[in-house]
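To find a chain, count down the sequence lines: A is the first, B the second, and so on, and within it residues start at 1.
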There are 2 protein chains.
Amino acid sequence: MTTDAGHEARYRAIAADLAAKIRSGHYAPGAALPPQRELSASYGVTLMTLRQALRELSDAKLIVQQPGSGTFVAPPHLAYQLDSLRSLVDDLRKQGHDVRTAVAGRAVRRAPARIAAELRLRPGDTALRLERVREFAGRPAVHQVSWVRRPVADQIRDRDFTAVSLYTALADAGVTVARASEVVRPGLLDPAAARHLHEPQGSPVLVSTRITYTLDATPVVSDHATILGSMMEIRTERAATGLSLTWVAT
Amino acid sequence: MTTDAGHEARYRAIAADLAAKIRSGHYAPGAALPPQRELSASYGVTLMTLRQALRELSDAKLIVQQPGSGTFVAPPHLAYQLDSLRSLVDDLRKQGHDVRTAVAGRAVRRAPARIAAELRLRPGDTALRLERVREFAGRPAVHQVSWVRRPVADQIRDRDFTAVSLYTALADAGVTVARASEVVRPGLLDPAAARHLHEPQGSPVLVSTRITYTLDATPVVSDHATILGSMMEIRTERAATGLSLTWVAT
DNA sequence: CACGCTAACTGTTATAGAACTCTTGGATAG
DNA sequence: CTATCCAAGAGTTCTATAACAGTTAGCGTG
């Protein structure tokens with residue numbers, strides 16, 4: 001046959017397999033992967049197909065390819081901070097802040113059009129809606145509405161989200177997140193969020209819209225957060241070697 | 001021959017050509033590109049090669065590919081991404097946007113306390129103050145006040161900052177920028193900036209405070225920018241071990 | 001006239017083979 | 001013993017061909 005046998009594209013399956021081997025430590029950080037020709041032979045695919053799998057991993061920054069030299073698992077110092085996908089709240093926790101989470105709503109329901117489009121659902125499909133309020137220094141600081149795609153949602157819907165982060169729950173359910181795309185805009189506090197955040201309407205806020213994808217490019221979580229400007233700011237560090245972005249409490 | 005003839009890979013040349021045609025309006029936003037098979041024929045390359053060119057454009061968010069339907073030029077607000085050590089405006093320019101700069105003030109004067117602290121000046125030291133307004137799509141979008149440290153400032157004070165970016169001027173003066181640290185907060189448009197930006201006071205804005213350092217960790221530039229929320233947003237792409245950050249025009 | 005199916009598109013995934021460039025380490029010449 | 005060259009091996013780019021899968025317009029049929 002020429003294309004996939006079962007359901008998923010061949011190259012995605014290979015990428016997933018290699019990713020698993022990297023995360024399990026079978027291929028250690030910094031170590032070289034077998035040559036492309038060798039891998040393609042052992043998977044029984046063409047070089048082109050194997051390379052397409054490697055490109056997936058490269059996009060996810062799991063490997064680094066060096067012409068003439070080899071393909072390497074992302075260097076240790078990077079591999080150990082696999083938490084670059086961490087959430088805003090994880091950022092704060094890491095800084096030693098005590099963040100409390102209150103769950104204001106949890107239900108499976110029809111996704112609105114905008115969410116359905118983001119998660120690539122068919123119109124009318126249901127998804128898990130999770131509404132949380134993050135308290136911080138004794139005051140509510142972030143209002144967050146997350147939608148989780150269906151096959152995954154059923155596995156995590158009964159977790160206690162006051163104690164477990166959404167990303168931890170996803171990981172426990174065997175979902176590996178590979179990539180996230182986030183857009184941050186300034187805005188004014190709207191009435192709905194104002195109720196939860198105990199601040200006057202019209203206060204300056206940051207509105208963050210974030211979509212998280214698995215390795216096979218399926219969107220799993222759509223996240224919409226309203227962040228009080230009086231309590232939070234974004235900090236970035238740029239250097240030739242890289243870039244970091246952190247949410248910081250003020 | 002099999003690979004490139006001149007210098008650059010064939011698919012990159014094709015990608016660059018198509019990107020130019022998109023930016024020039026030859027292919028309008030929303031319009032469909034010719035089918036892949038047609039394009040590959042007209043460029044005289046294989047379908048695979050042409051597709052590799054399209055992938056470049058797709059990664060840059062210049063096009064959207066829809067199976068079965070066609071390849072379309074992305075709407076402008078979806079477009080472009082790039083991360084760099086450079087300024088917000090360089091980001092936009094590099095992406096092909098037409099950004100105009102007006103210099104509203106340029107003078108060597110005593111640095112206020114906050115600036116002096118950021119640049120590690122002794123109290124009373126003077127520095128170059130540069131006030132600029134960035135116009136974008138015909139409307140002012142960013143109000144920016146930069147302070148440049150003294151030894152360097154004297155070398156660049158006579159440059160024409162409507163045509164040359166501050167970072168280019170620094171590079172020309174032999175100053176290599178190694179690191180930048182930036183803090184972004186939401187805010188409301190204040191009266192001073194409102195005058196330059198022609199927007200009502202109280203509009204949502206992003207306030208960016210940025211300090212740029214040389215290789216020897218000396219702070220050279222302190223930058224304070226007010227960015228209209230209606231025109232700009234921050235986009236981040238996160239992968240397992242990497243992160244990119246872009247300012248995007250809306 | 002409305003419905004359903006087909007056919008002709010579109011992008012996508014795969015095969016097999018070849019020649020290219022960049023890096024590295026070992027052999028050889030000084 | 002050092003320096004240079006070169007060949008083996010790595011990733012990269014490309015040709016040529018084929019089949020798969022989603023989309024849509026149009027042609028019939030009821």
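OP1 or OP2 of D:dG11 has at least one side-chain nitrogen or oxygen of A:Thr71 nearer than 4.0 Å. Side-chain nitrogen and oxygen atoms of A:Gln65 include at least one within less than 4.0 Å of the OP1 or OP2 phosphate oxygen of D:dT12. Regarding contacts with the backbone of D:dT15, a side-chain N or O of B:Thr49 is found under 4.0 angstrom from either OP1 or OP2.
For the pair A:Gly44 and A:Gly68, nearest-nucleotide mapping onto DNA chain C gives the more 5' position to A:Gly44. Each of A:Val45 and B:Pro35 has a nearest nucleotide on DNA chain C; the 5'-most of these lies closest to B:Pro35.
Between the side chain of A:Arg129 and the main chain of A:Gly105, no donor-acceptor pair closer than 3.5 Å is present.
Residue contacts shown for A:Thr46 include a base, since a base heavy atom lies under 4.0 Å away. Among the protein residues, A:Gln36 comes within range of the nucleic acid bases, having at least one heavy atom under 4.0 Å from a base atom.
Rounded to an integer number of Å, the gap from B:Leu54 CG to C:dT10 P is 13 Å. In this structure, CG of A:Leu47 is placed 13 Å from C1' of C:dC20, rounded to the nearest angstrom. Between the P atom of C:dT13 and the CD atom of B:Gln52 lies a distance of 14 Å, rounded to the nearest Å. Taking atom CD of A:Glu56 as the reference point, atom P of C:dT12 lies 13 Å away to the nearest angstrom. One atom, CZ of B:Phe72, and another, C1' of C:dC9, lie 12 Å apart when rounded to the nearest Å. The distance between atom CE of A:Met48 and atom P of D:dA16, rounded to the nearest whole Å, is 14 Å. To the nearest angstrom, P of D:dG11 lies 15 Å from CZ of A:Arg55. Atom pair A:Ile14:CD1 and C:dT13:P shows a separation of 13 Å (rounding to whole Å applied).
Among C:dT12, D:dC14, C:dT15, the nucleotide with an atom closest to any side-chain atom of B:Arg51 is C:dT12. Considering only the side chain of A:Tyr11, C:dA14 comes nearest among C:dA14, D:dT12, D:dT15.
Contact of B:Arg37 with C:dG11 (side chain to base): a donor-acceptor pair of N or O atoms is detected under 3.5 Å.
In the model, A:Thr212 has a side-chain atom that pairs as donor or acceptor with a side-chain atom of A:Tyr167 under 3.5 Å. A donor-acceptor contact under 3.5 angstrom links the side chains of A:Thr126 and A:Arg150, judged on distance only.
By the 4.0 Å N-to-carboxylate-O rule, A:Arg55 lies too far from A:Asp59 to be salt-bridged with it. A salt bridge links B:Lys21 to B:Asp17: at least one charged side-chain nitrogen sits closer than 4.0 Å to a carboxylate oxygen.
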